[in-house]
Amino acid sequence: MTDTISTDVAIIGAGPVGLFAVFELGLLDMKCHLIDILDKPGGQCAELYPEKPIYDIPAWPVISGQELTDKLMEQIEPFGPTFHYGHMVETLERLPDGGFRVGTDQGVIIEAKVVVIAAGGGSFQPKRPPIGGIEAYEGTSVFYSVRQMEAFRDANLVIVGGGDSALDWTLSLQPIARRVTLIHRRDAFRAAPDSVNKMRALVEAGEMDLVLGQVTDLKGESGQLSEITVTDLEKAERVIACDRMLPFFGLTMKLGPVADWGINLHENLIPVDTEMFSTSEPGIFAIGDINWYPGKLKLILSGFHEGALMAQAAYRIVYPDKRLVFQYTTSSTSLQKKLGVAG
């Protein structure tokens, strides 16, 4: 029997806007659980452009997506949020008391008084590479994410891709796999230069292999890979023995189950009011790129503003019998105590 988690607010999406919402909600004594399909916080910032500079965050002339994520995680640490990484919300139902029961594809059940959808353009889902018959191996010997590194111990592992995810997992899994082969279509990578240099050093030392080309065929039985075929730019083929494969071909955004939750939609986005950023369902709010209203700007700083106003409205739901007193962090000793900065 799955245990049910009770909390004040369930936040769907752990990108920058979802993370900052934890801060605004925490200042008002609301506890949060965050659910994200990725295996780490940061959303697009951390997954799609961790090294890409961002120039329009107030007070930061330039900051990378990963740095912004790290700073937000540091900022919300005093409030002790709980994260559920690698989970996708599958069900959302209203409880008799007006709250909500949220269920994920990993069997986690969260009951919350308020739900905040901060899922960017929707859930991120891995792109399936164009390899015939790959579906038969998915979940058994072909994986699109790493949930437990031990699953790859002593494996003949093939990693396909040239971005940060491919290089990061190459370096992380190389010490425990029997042999790692990195396959990329060309000898140029989109990953952090330091990661590329470390990978090349391992190849030079004979501790892993780098193969240029594309995977064109898979062989195996009952979902278990035994070998793959790689075709290079000159159309020459090479067969490589392997029993695990991790393709990293990027992510695609899908609205997913959100579309089935009974919330009014506008061109696959969620319309909200600009007073509270509430949806057509009372108690469900939408902030960040997933929402829509006249004049909407898809900027991180706009999402921060939306999160601040949302938190004020959420307080009235979580604490219907309490009076909300607006306070400034610069002058309120009670807020400063919550942040651990009071003298």
Side-chain angles (χ1 to χ4, degrees), residues 1-15 18-19 21-22 25 30-43 46-47 73 76 79-128 134-153 165 169 222-224 244-248 251-263 270 279 281 283-286 290 318:
M1 185 76 178
T2 301
D3 290 336
T4 298
I5 299 165
S6 293
T7 190
D8 295 321
V9 181
I11 300 175
I12 302 168
L19 296 179
V22 172
L25 292 160
M30 286 175 276
K31 293 292 185 182
C32 301
H33 279 245
L34 297 92
I35 305 160
D36 201 292
I37 198 168
L38 298 179
D39 59 0
K40 58 189 174 185
E47 187 69 20
M73 291 293 286
I76 66 176
F79 302 116
T82 301
F83 290 87
H84 304 273
Y85 298 125
H87 288 245
M88 183 171 72
V89 174
E90 285 194 330
T91 60
L92 174 62
E93 57 182 300
R94 190 178 291 276
L95 298 171
D97 65 1
F100 301 91
R101 179 179 289 123
V102 179
T104 79
D105 62 344
Q106 301 300 309
V108 168
I109 303 294
I110 299 172
E111 291 188 354
K113 298 171 184 175
V114 167
V115 170
V116 177
I117 304 172
S123 64
F124 289 103
Q125 297 181 6
K127 292 180 181 176
R128 176 181 285 149
I134 193 171
E135 298 90 341
Y137 301 94
E138 292 173 346
T140 301
S141 54
V142 172
F143 305 91
Y144 297 104
S145 63
V146 178
R147 292 189 174 173
Q148 291 185 321
M149 289 178 59
E150 280 299 309
F152 298 90
R153 182 171 293 279
S165 293
W169 284 118
S222 302
Q224 179 56 58
R244 294 286 188 278
M245 184 168 78
L246 284 166
F248 293 107
L251 301 167
T252 184
M253 288 187 292
K254 294 184 179 179
L255 198 58
V258 174
D260 302 321
W261 293 344
I263 300 170
I270 302 174
T279 69
E281 288 290 323
I284 302 180
F285 300 84
I290 201 165
V318 174

| task | Tell me, with the steps shown, if His33 and Val108 meet side-chain contact (heavy atoms from CB on, under 4.5 Å). | result | CA-CA 11 Å; His33 279 245; Val108 168; over 6 Å; no
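- Under the side chain to side chain contact (heavy atoms under 4.5 Å, CB included) rule, His84 has a single partner from Val102, Leu34, Ile5, which is Ile5.
- Side-chain atoms of Ser141 come within 3.5 Å of backbone N or O of Gly223 as a donor-acceptor pair.
- One N or O on the side chain of Thr7 and one on the backbone of Lys31 form a donor-acceptor pair closer than 3.5 Å.
- Looking at every heavy atom in both residues, Ala10 comes nearest to Ala112 through N-CB, 3.6 Å.
- Atoms CZ and CD1, on Phe285 and Ile12 in that order, are 13.0 Å from each other to the nearest 0.5 Å.
- By the side chain to side chain contact (heavy atoms under 4.5 Å, CB included) test, Phe143 is found to be paired with Phe152, Arg244, Leu246, residues two or more places apart in sequence or in another chain being considered.
- Note that the CG atom of Asp39 and the CH2 atom of Trp169 stand 6.0 Å from one another [nearest 0.5 Å].
- Residues Leu25 and Ile11 have side chains in contact (heavy-atom distance under 4.5 Å, counting atoms from C-beta outward).
- Counting all heavy atoms, side chain and backbone alike, Ile76 lies closest to Leu19 at CG2-O, 3.3 Å.
- Met73 places a side-chain heavy atom less than 4.5 Å from the side chain of Phe83.
- Nearest heavy-atom pair across Asp105 and Gly86 is OD1-O, 4.3 Å.
- Rounding to the nearest 0.5 Å places NZ of Lys113 at 10.5 Å from CE of Met30.
- Glu138 and Tyr144 make their closest contact through OE2-OH, 2.5 Å (heavy atoms, listed as atom of the first residue, atom of the second, distance).
- Counting all heavy atoms, side chain and backbone alike, Ser165 lies closest to Phe248 at CB-CD2, 3.8 Å.
- Not a single donor-acceptor pair under 3.5 Å links the side chain of Thr279 to the backbone N or O of Ala286.
- Here the CG atom belonging to Leu92 is positioned 7.0 Å from the CD1 atom belonging to Ile117, to the nearest 0.5 angstrom.
- Taken to the nearest 0.5 Å, the CD1 atom of Ile110 stands 12.5 Å off from the CG atom of Asp3.
- For the atom pair OG1 (Thr4) and CD1 (Ile109), the distance works out to 6.0 Å, reported to the nearest 0.5 Å.
- Looking at residues two or more places apart in sequence or on another chain, you find a side-chain hydrogen bond (donor to acceptor under 3.5 Å, both in side chains) between Thr104 and His87.
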